[in-house]
Amino acid sequence: MSGSSDGGGTVAYIQHHLTNLCVGDCDPVFFSVVLGVLMVAVSWRMGQNLATGTPSGFQNFVETIIDFVSGQVKDTFPGHNPIIAPLALTIFVWVWLMNFMDLIPVDLLPAIASGVLGIEYLKVVPTTDLNTTLAMSLTVFALILYYNFKVKGAAGYLKMFLFHPFGKFFVPVNIVMSVIEELAKPLSLALRLFGNLFAGELVFLLIALIGGTMAVGLGALIWFPLQVVLDLGWLIFHLLVITLQAFIFMVLTIVYLGMAHTEEH
Amino acid sequence: MNINVTLIAQIIAFVTLLWFVNRVLWNPMNDLLAARQKRIADGLAAADKGKHELEMSEKRAKEHLVEAKSQAAEILAQAEKRGNEIVEEAKEKARTEGDRLVTAAKAEIEQEANRAKEQLRGKVASVAAAGAGRILGREVDEKAHADLLKDLVGQI
């Protein structure tokens with residue numbers, strides 16, 4: 001905690017936490033790749049001794065998640081496409097894990113990084129970086145375009161731009177509307193997740209500042225418990241938020257890809 | 001907050017992770033779940049079948065029991081009837097045997113009586129002659145009074 005009570009210190013503190021480790025923004029890449037490797041390693045290790053009969057412990061937990069995602073895909077996605085469910089599962093778990101980094105005390109990892117490794121700036125939560133969320137939404141968007149072309153054909157997809165949503169007498173309006181609609185999909189996906197997590201992280205930082213900016217003394221008797229209570233409250237609320245955001249990203253991905261798979265609009 | 005080369009790196013990371021999850025987690029897990037689903041379904045079907053078979057065999061056993069009971073009753077009735085018959089036969093036999101014995105005895109008695117009569121007849125003449133001689137004080141010639149004696153003997 002770089003606790004100085006003037007406004008410049010506060011801004012510096014917040015900017016410190018939101019400044020990336022290196023110019024090419026390698027810290028979100030680092031943390032997201034670490035979490036991805038963790039996912040793969042855990043599932044690979046579990047895959048070594050899968051129990052067909054009666055699953056126990058961790059396998060049960062993973063099966064519950066997979067069943068949940070599978071159910072979501074079955075409910076929302078028309079037809080069958082083997083890539084949709086793994087995609088949804090990857091998004092759900094990965095986004096959740098990246099969001100979860102938000103719940104780690106805000107100063108813990110940066111403190112370790114600067115204290116032990118000598119790294120001054122560290123941005124812990126990958127989803128507070130627009131690059132991360134946009135990367136996922138653009139990949140989804142690429143899939144949306146691919147399946148639109150594959151299922152509807154180039155002519156069919158073009159026809160949707162021309163005659164949707166107002167019929168054949170409003171072709172120029174239709175083109176503008178449809179283009180906006182299509183482009184809004186990846187943008188809204190990326191911005192929603194980024195905005196929620198960025199705001200959440202910011203609130204954590206502000207809560208951390210309550211105690212940090214106060215001078216040690218009698219005031220601490222009031223501010224310190226307040227900080228603890230607020231932090232706990234926001235942690236519990238944020239646990240809901242990160243799950244909800246991961247879920248929304250997953251469901252919208254399924255819905256958008258489902259729309260790409262349907263002929264009639 | 002600028003968008004830069006990180007975007008490309010994150011896209012690559014995401015696609016790679018997607019590929020890994022599909023390979024390492026989703027497919028094996030899905031196969032496993034499908035296999036378990038099938039196993040459970042098979043098990044339930046087998047249980048149902050077993051239950052059905054149990055019901056069937058219980059029903060069969062009941063039928064067998066009823067049949068066996070009726071058979072036993074029939075056999076019992078037959079045995080009783082046969083026993084009665086045997087008793088009746090034995091009674092009949094005993095009666096005829098008794099009758100036969102009685103008639104045989106009667107015949108023998110008659111024979112004996114006749115024989116005794118014959119013997120008596122033989123002796124009566126001489127006894128009568130001796131009696132008459134005593135009475136008359138002299139010898140009575142049996143030959144002389146043969147006709148008379150014959151007549152006497154015939155009266156016995």
Side-chain angles (χ1 to χ4, degrees), chain A residues 18 20 22-30 32-33 35-37 39-48 50-55 59 62-63 65-67 69-70 82-83 85-91 93-94 126 128-140 142-143 190 194 198, chain B residues 1-69 71:
Chain A
L18 298 176
N20 290 314
C22 42
V23 182
D25 292 4
C26 51
D27 27 6
V29 179
F30 172 73
S32 55
V33 166
L35 291 171
V37 168
M39 272 170 73
V40 171
V42 166
S43 37
W44 183 78
R45 196 163 172 276
M46 195 185 63
Q48 296 306 98
L50 284 177
T52 324
T54 44
Q59 193 188 332
V62 174
E63 278 182 13
I65 296 176
I66 287 182
D67 258 356
V69 172
S70 205
I83 194 67
L87 175 71
L89 178 71
T90 310
I91 287 173
V93 179
W94 201 35
T128 54
D129 191 309
L130 195 54
N131 285 305
T132 309
T133 58
L134 207 55
M136 280 187 294
S137 70
L138 284 181
T139 313
V140 172
L143 282 174
F194 163 72
F198 188 77
Chain B
M1 224 45 59
N2 48 346
I3 290 164
N4 48 35
V5 72
T6 306
L7 180 66
I8 311 293
Q10 290 290 64
I11 288 179
I12 294 169
F14 179 52
V15 172
T16 315
L17 181 63
L18 178 59
W19 184 78
F20 265 115
V21 166
N22 191 24
R23 223 186 107 87
V24 176
L25 182 59
W26 182 265
N27 279 334
M29 205 55 151
N30 234 22
D31 292 350
L32 174 93
L33 290 180
R36 184 182 308 151
Q37 208 167 5
K38 193 177 169 299
R39 249 183 66 172
I40 291 172
D42 286 355
L44 285 178
D48 272 353
K49 207 176 142 203
K51 218 164 139 189
H52 187 68
E53 262 169 20
L54 182 69
E55 267 169 23
M56 289 287 282
S57 52
E58 260 175 12
K59 208 172 135 192
R60 254 205 312 270
K62 226 175 248 174
E63 275 170 11
H64 274 307
L65 202 67
V66 168
E67 205 177 311
K69 259 184 193 163
Q71 247 174 14

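Please read these numbers as outputs of a predicted model, since none were measured by experiment. Each chain gets a letter, A, B and so on, in the order the sequences are listed, and its residues count up from 1. No hydrogens, no waters, no symmetry mates; every other heavy atom, side chains included, goes into these values.
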Side chain / backbone / both / neither for [X] at chain B, heavy atoms under 4.5 Å:
X: A:Val40; value: both
X: A:Met39; value: side chain
X: A:Leu89; value: side chain

To the nearest 0.5 Å, tell me how far [X] [atom1] sits from [Y] [atom2].
X: B:Asn22; Y: A:Leu87; atom1: CG; atom2: CG; result: 9.5 Å
X: A:Asn131; Y: B:Ile8; atom1: CG; atom2: CD1; result: 9.0 Å
X: A:Glu63; Y: B:Asn30; atom1: CD; atom2: CG; result: 10.5 Å
X: B:Leu17; Y: A:Thr90; atom1: CG; atom2: OG1; result: 5.5 Å

Greatest number of non-hydrogen atom pairs under 4.5 angstrom with chain B, of A:Ser32, A:Pro82, A:Ala85, A:Gly36, falls to A:Ala85
Whatever's closer than 4.5 Å to a heavy atom in chain A on B:Leu18 counts as both
Ranked by heavy-atom pairs below 4.5 Å to chain A, first place among B:Val21, B:Ile40, B:Val15 goes to B:Val21
Nearest heavy-atom approach of B:Ala9 to A:Val29 is CB-CG2, 3.8 Å
For A:Val33 and B:Ala13 the tightest heavy-atom approach is CG2-CB, 4.0 Å
Hits for ring-ring contact (aromatic ring centres under 6.0 Å, His included) against A:Trp94, two or more places apart or cross-chain, chain-then-number order -> B:Phe14
Going by heavy atoms in the side chains, are B:Gln10 and A:Asp129 under 4.5 Å from each other? no
- Task: For the residue pair A:Ile66 and B:Leu25, establish whether any side-chain heavy-atom pair is separated by less than 4.5 Å.
- Result: yes
Legend entry - Flag if over 12 foreign heavy atoms under 6.0 Å of CZ, B:Arg36: yes
